[in-house]
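Heavy atoms only: backbone and side chains are in, while hydrogens, waters and symmetry mates are out. Ligands are counted one by one from 1 in listed order, and the atoms in each one are counted from 1 as well.
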Amino acid sequence: MVERRAFSAPGKALLVGGYLVLEPEYKSYVVALSARMHAVVSTSEAIQKGNPSIQVRSSQFNNDCWTYQLQQTNGYSLSERDNKKNPFIEKVLLNVLNYFDPCISNLKDVNIEIFSDSEYHSQSESSLKRNSLKKFAFHTKSITEVPKTGLGSSAGLVTVLTTALASVLRKELNPYSKADLETIHKLAQVAHCQAQGKVGSGFDVASATFGSIIYRRFMPELISNLPDMSVSKIQIYKEKLKHLVDETDWNFTADRIRLPDNLRLMMGDVNNGSETTKLVGKVKAWYREAYPSSSEIYENINSKNSAFIDCLNEINNLSKNKQIYDGMLTAINSGNDEAINSYTALKQIRQSVNGIRENFRLITKESGADVEPLVQTTLLDACMKLNGVLTGVIPGAGGFDAIALLTTDTTDLRSQTDGKHDFKDVSWLDLQQADIGVLEEIPSHYDNLRSD
Ligand SMILES: Nc1ncnc2c1ncn2[C@@H]1O[C@H](COP(=O)(O)OP(=O)(O)OP(=O)(O)O)[C@@H](O)[C@H]1O
Ligand SMILES: C[C@@](O)(CCOP(=O)(O)O)CC(=O)O
């Protein structure tokens with residue numbers, strides 16, 4: 001019997017903390033999403049004994065497939081059969097293999113099938129395949145050619161692939177054990193950072209691993225100080241990686257949180273194509289040039305980010321008192337500012353978001369980076385007039401891609417916005433908050449997917 005295991009990891013929306021979270025002193029609020037990346041992993045006797053292969057198949061994207069032949073000298077190296085590149089897959093395989101360091105002659109061939117939920121990518125030119133439990137969009141183009149919605153597909157992929165391959169090399173791997181999850185997280189952060197070719201804050205990988213969290217990053221040098229993986233340095237790479245994963249305190253924060261009951265996150269997709277790297281470059285350049293007034297702006301944003309987090313905590317506490325909480329939800333649903341502002345926590349959360357947005361508009365003006373461009377200001381302001389909307393931000397790096405609203409769970413935004421000129425560019429994504437990061441799934445749930 002073929003042994004199989006399956007795992008999934010969620011996408012993300014960074015509600016507050018954009019840019020500041022690149023520095024280890026600032027906290028951010030990250031909501032994990034119901035859109036998940038999945039991996040089904042199985043092994044079979046190596047076709048070429050002593051020369052095993054790992055195949056990663058992503059058949060939703062024009063049957064994309066990468067097959068790596070493994071070599072072991074002092075550490076592991078890989079060659080892809082057709083020279084096809086996928087840096088995220090490559091870095092996961094290299095780091096997981098070099099960390100677990102299995103003896104190559106005992107290794108079987110590994111097959112990993114990736115499935116990604118439809119919200120990660122634009123759905124044009126795709127068709128659905130489903131079984132009674134799951135459905136996935138199949139595209140006519142390869143993964144690099146299908147526009148992304150910005151939910152963190154690479155972080156989801158890296159996290160779930162790390163878990164899947166680790167489960168082959170450590171049979172007893174349990175994604176619900178704290179120690180195993182921490183190992184998965186560190187290996188996934190290293191791989192993601194190396195594949196991106198830049199040091200992001202890692203909030204997306206942390207959320208894919210741990211779920212909805214308050215996140216504060218680790219020092220970037222932990223990863224950038226690793227030696228390169230060239231054949232001559234692979235032995236030392238292996239030792240340093242092991243030390244980094246098993247013996248180093250990364251001193252980061254990933255405290256689990258959840259949105260208050262009866263509030264939900266609504267993501268509106270506005271535009272395809274993300275320019276995070278360019279935006280970050282411009283904001284960092286502005287920060288250096290405008291220092292020290294830029295640091296005062298960051299401190300100001302940070303105090304409002306903290307107020308936002310405190311307000312959500314307070315609303316969570318108030319939700320335990322049904323009478324008060326029903327009154328709060330009714331006020332949000334009424335769309336009446338006076339009724340909403342009569343609740344201090346609601347008034348304060350709106351004030352903190354207004355303050356954050358105001359500062360980002362200032363940064364936009366001073367840096368030339370479109371963190372909150374005018375069209376998004378207009379759109380968010382229009383959203384704030386809808387019934388049932390508590391507050392709204394441009395998630396992550398900002399820009400033209402998306403908006404994120406906190407609404408009551410009884411609000412029907414689609415019916416309020418359909419056909420209205422102000423909302424003509426918005427598609428509401430079918431998403432909810434996910435509390436949990438990596439999950440173990442049932443492999444047979446991915447079998448027999450058929451076209452509609
Ligand atoms: N289903 C998949 N199968 C194989 N590779 C994938 C898959 N999803 C993502 N990837 C890899 O991740 C890359 C996209 O990563 P990138 O960081 O640019 O986007 P993202 O994580 O979705 O965006 P953002 O960070 O803005 O949320 C793809 O080019 C591919 O290499
Ligand atoms: C600007 C930044 O703080 C957030 C980017 O978020 P997103 O990829 O736009 O969701 C960068 C980062 O934290 O890696």
message: Parallel, tilted or perpendicular, judged at 30° and 60°: which one describes the rings of H185 and F210?
response: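 Rings of H185 and F210: tilted, 30 to 60°.
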- prompt: Which bit of L151 gets closer than 4.0 Å to ligand 1, counting heavy atoms only: side chain, backbone, both or neither?
  reply: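 Answer for L151: backbone.
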message: Under the side-chain contact (heavy atoms from CB on, under 4.5 Å) test against V110, which residue among L169, L70, L165 passes?
response: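 Between V110 and the candidates, side-chain contact (heavy atoms from CB on, under 4.5 Å) is satisfied uniquely by L165.
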query: How about P52 and K108: do any of their side-chain heavy atoms sit closer than 4.5 Å?
result: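 Side chain of P52 against side chain of K108, heavy atoms only: no contact under 4.5 Å found.
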query: For ligand 2, is any non-hydrogen atom under 4.0 Å from V283's backbone (N, CA, C, O), its side chain (CB onward), both, or neither?
result: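 It is neither part, as no heavy atom is under 4.0 Å.
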- request: Please work out whether any backbone atom (N, CA, C, O) or any side-chain heavy atom from C-beta onward of F61 is under 4.0 Å from ligand 1, and answer side chain, backbone, both or neither.
  value: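 Contact part for F61 vs ligand 1: side chain (C-beta onward).
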Ligand-residue contact atoms, ligand 1 with L157, heavy atoms, under 4.0 Å: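 Near L157, meaning under 4.0 Å from one of its heavy atoms, ligand 1 has 5 (N), 6 (C), 10 (N), 11 (C).
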query: Would you call the rings of F136 and H38 parallel, tilted or perpendicular, where under 30° means parallel and over 60° means perpendicular?
result: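 F136 and H38: perpendicular rings.
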- prompt: With a 4.0 Å cut-off on heavy atoms, does F115 reach ligand 1?
  reply: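 Under 4.0 Å: no for F115.
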query: Is it true that a side-chain atom of Y26 and a backbone atom of G17 form a donor plus acceptor pair closer than 3.5 Å?
result: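 Not a single qualifying donor-acceptor pair exists.
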- request: Give yes if a backbone or side-chain nitrogen or oxygen of T276 is under 3.5 Å from a nitrogen or oxygen of ligand 1, and no if not.
  value: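 No, no N or O pair falls under 3.5 Å.
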message: I need the contact type for S154 against ligand 1. Using non-hydrogen atoms and a strict under-4.0 Å cut-off, is it side chain, backbone, both or neither?
response: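 Both backbone and side chain.
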query: S153 to ligand 1: N or O pair under 3.5 Å?
result: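 Yes, since at least one N or O of S153 sits under 3.5 Å from an N or O of ligand 1.
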- request: Verify, without hydrogens or angle tests, whether R4 (side chain) and V41 (backbone) share a donor-acceptor contact under 3.5 angstrom.
  value: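 No; zero donor-acceptor contacts below 3.5 Å.
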- request: Could you list which atoms of ligand 2 come closer than 4.0 Å to a heavy atom of G200?
  value: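 Selected atoms, number and element: 14 (O).
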message: To check you understand the geometry: which heavy-atom pair defines the closest contact between P24 and M219, and what is its length?
response: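 What the structure gives for the nearest pair is CG-SD, 3.5 Å.
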message: Tell me whether H121 has any N or O atom under 3.5 angstrom from an N or O of ligand 1.
response: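 In this structure, H121 places no N or O atom under 3.5 Å from an N or O of ligand 1.
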query: Between Q60 and ligand 1, which part of the residue brings a heavy atom under 4.0 Å of the ligand: side chain, backbone, both or neither?
result: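 Neither part.
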task: Would you mind listing which atoms of ligand 2 come within a distance below 4.0 Å of any non-hydrogen atom of G18?
output: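 That gives atoms 3 (O) of ligand 2.
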message: Against ligand 1, does Q196 come closer than 4.0 Å with any heavy atom?
response: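 Checking ligand 1 against Q196, which is what was asked, there is no heavy-atom contact under 4.0 Å.
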- request: Answer yes or no on whether K134 is positioned over the face of Y446, meaning its NZ or CZ is under 6.0 Å from the six-membered ring centre and within 45° of the axis.
  value: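 K134 over Y446 ring: yes.
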task: Heavy-atom contacts with T276 under 4.0 Å: which atoms of ligand 2 show up? List them by number with element.
output: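 Result: 5 (C), 8 (O), 9 (O).
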- prompt: Where the side chain of D425 meets the backbone of V270, is there a donor-acceptor pair that is under 3.5 Å apart?
  reply: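 No: the side chain of D425 does not pair with the backbone of V270.
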query: Just distances here: any N/O of G152 and N/O of ligand 1 closer than 3.5 Å?
result: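 There is such a contact, yes.
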field: Short N or O distance, I89 and ligand 1, threshold 3.5 Å exclusive
entry: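 Looking only at distances, the answer is no, because the N/O contact criterion of under 3.5 Å is not met.
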- request: Let me see the working for S53 and Q69 under side chain to side chain donor-acceptor pair (under 3.5 Å), right down to the final yes or no.
  value: CA-CA 4 Å; S53 68; Q69 216 64 53; 4.7 Å; no
- prompt: In ligand 1, which numbered atoms sit nearer than 4.0 Å to a non-hydrogen atom of F88?
  reply: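 This gives 11 (C), 12 (O), 13 (C), 15 (O), 31 (O) as the contact atoms.
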query: Under 4.0 Å from any heavy atom of V21, which atoms of ligand 2 are there?
result: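 Answer for ligand 2: 3 (O), 13 (O).
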query: Below 3.5 angstrom, do we get any N/O pair linking W66 and ligand 1?
result: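 No - when backbone and side-chain N and O of W66 are compared with those of ligand 1, no distance drops under 3.5 Å.
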- prompt: Which ligand 2 atoms, with their elements, are less than 4.0 angstrom from a heavy-atom of L14?
  reply: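 Counting from 1, the qualifying ligand atoms are 4 (C).
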query: Do T417 and W428 pass the side chain to side chain donor-acceptor pair (under 3.5 Å) test, and can you show the C-alpha distance, the side-chain angles, and the key distance before you say yes or no?
result: CA-CA 10 Å; T417 57; W428 300 111; 3.0 Å; yes
message: At less than 4.0 angstrom from any non-hydrogen atom of K12, what atoms of ligand 2 do you find?
response: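 Reading through ligand 2 atom by atom, the close ones are 7 (P), 8 (O), 10 (O).
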Which of the ligand 1 atoms, numbered from 1, are nearer than 4.0 Å to a heavy atom of I114: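 Taking each heavy atom of I114 in turn, ligand 1 has 1 (N) under 4.0 Å.
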field: Those atoms of ligand 1 less than 4.0 Å from some heavy atom in K12
entry: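 Listed by number with element, the hits are 27 (O).
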task: Check ligand 2 against A397 and write out every atom of the ligand that is under 4.0 Å from a heavy-atom position of the residue.
output: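 So the answer, numbered in order with elements, is 1 (C), 4 (C), 5 (C), 6 (O), 7 (P), 9 (O).
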field: Distance-only N or O hit between ligand 1 and K148, under 3.5 Å
entry: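 Yes - when backbone and side-chain N and O of K148 are compared with those of ligand 1, one distance drops under 3.5 Å.
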Interfacing atoms of ligand 2 (cut-off 4.0 Å, heavy-atom, Y19):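 Here the atoms of ligand 2 in question are 1 (C), 2 (C), 3 (O).
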query: Under a 4.0 Å N-O cut-off, is there an ion pair linking E182 with K186?
result: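 So E182 does not pair with K186 through a salt bridge.
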Plane angle bin for Y287 and Y291 - parallel if under 30°, tilted between 30 and 60°, otherwise perpendicular: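 Tilted.
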- prompt: What are the atoms of ligand 1, with element, lying closer than 4.0 Å to any heavy atom of N86?
  reply: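 Every atom of ligand 1 under 4.0 Å from some heavy atom of N86: 4 (C), 5 (N), 30 (C), 31 (O).
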- request: From the options E441, E113, E440, select the one residue that forms a salt bridge (charged side-chain N to carboxylate O under 4.0 Å, His left out) with R5.
  value: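 Among E441, E113, E440, the one that satisfies the salt bridge (charged side-chain N to carboxylate O under 4.0 Å, His left out) with R5 is E440.
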query: Using heavy atoms and a threshold below 4.0 Å, how should the contact between D204 and ligand 2 be classified: side chain, backbone, both, or neither?
result: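 Answer for D204: neither.
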- prompt: Nearest 0.5 Å, what's the OH-CG distance between Y76 and L93?
  reply: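 Going from OH on Y76 over to CG on L93, the span is 12.0 Å.
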query: What atoms in ligand 1 come closer than 4.0 Å to a heavy atom of T144?
result: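 Contacts of ligand 1 toward T144, numbered from 1: 29 (O).
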query: Within the side chain of T162, is there an N or O that forms a donor-acceptor pair under 3.5 Å with the backbone of I184?
result: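 Checking the backbone N and O of I184 against the side chain of T162, no donor-acceptor pair under 3.5 Å is found.
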- request: Over all heavy atoms of both residues, which pair between D228 and K233 is shortest? Give the atoms and the distance, please.
  value: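 Heavy atoms only, the tightest pair is OD2-NZ, 3.3 Å.
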field: Close-contact set for ligand 1 against S58 heavy atoms, below 4.0 Å
entry: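 Answer, ordered by atom number: 1 (N), 2 (C), 3 (N), 4 (C).
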